[in-house]
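Everything below concerns the one structure shown next.
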Amino acid sequence: MVAQNTARSAIRADDCVAADASLVRAFDLLGKRWTGVLLGTLSSGPVGFRALARAVPGISDSVLSDRLGELTEAGLLARTVAEGPPVSVTYALTEAGRALLPALEQIRRWAERHLTNPSIGSAATPDTALRQARRR
């Protein structure tokens, strides 16, 4: 280990700021794979399960179902069932879900600037895939 000579003194372990409980709660939910992508994909309006599955390349039906359930339970999504036939279910952002969109946009901009490695992420973007899925 190489010691660095800096103007600031080193922070001792017991001086470290404790983790913020609100951030812990937020990232317990938002830190799960696909969660942010799903919220961003739903920014354009209500979408059905199958359209979401097509719009988010690589997500399995079981993970999609789990994430939609978690986001609905957390109050970020509203699930609407339209009686059929056929019965259809759509998902839409709630006010709390829409409140996350500016933060997601900032994360998207950050990723454009700082995650330039093409092997990170997918070649197909969810918004492009969603437009294609809605046309089908």
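The figures here come from the full heavy-atom set of this structure, side chains too, leaving out hydrogens, waters and symmetry mates. Residues take their numbers from the sequence shown, with the count starting at 1.
- Expressed to the nearest 0.5 Å, how far CG of Leu38 lies from CG of Leu30 amounts to 11.5 Å.
- Glu95 CD: 12 or fewer foreign heavy atoms inside a 6.0 Å radius.
- Leu93 places none of its side-chain heavy atoms less than 4.5 Å from the side chain of Leu100.
- Contact check for Leu71 versus Leu29: side-chain heavy atoms found under the 4.5 Å cut-off.
- Residues passing the side chain to side chain contact (heavy atoms under 4.5 Å, CB included) test with Asp20, sequence neighbours excluded: Ser22, Leu23.
- Across all their heavy atoms, Gly36 and Leu104 have their closest contact at O-CD1, 4.0 Å.
- Sorted by first and then second residue, the ring-ring contact (aromatic ring centres under 6.0 Å, His included) pairs involving residues 22-65 (not counting sequence neighbours) form an empty list.
- Distance alone, capped at 3.5 Å, is enough to place a donor-acceptor pair between the Thr41 side chain and the Val37 backbone.
- Residue pairs meeting the ring-ring contact (aromatic ring centres under 6.0 Å, His included) criterion with at least one partner in residues 92-117, sequence neighbours excluded, are Trp110-His114.
- Among residues two or more places apart in sequence or in another chain, the side chain to side chain contact (heavy atoms under 4.5 Å, CB included) test is passed with Glu105 by Arg108, Arg109.
- Not one N or O on the side chain of Ser65 forms a donor-acceptor pair closer than 3.5 Å with the backbone of Asp61.
- The pair Glu70-Arg67 meets the salt-bridge criterion, with a side-chain N (NZ, NE, NH1 or NH2) lying under 4.0 Å from an Asp/Glu carboxylate O.
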I'd like a table of donor-acceptor pairs (distance under 3.5 Å, sequence neighbours excluded) in which one partner is a side-chain atom from residues 76-87, with atom names and distances.
{"from": "Arg79", "atom 1": "NE", "to": "Tyr91", "atom 2": "OH", "distance (Å)": "3.3"}

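- Arg33 meets the side chain to side chain contact (heavy atoms under 4.5 Å, CB included) test with no other residue; sequence neighbours excluded.
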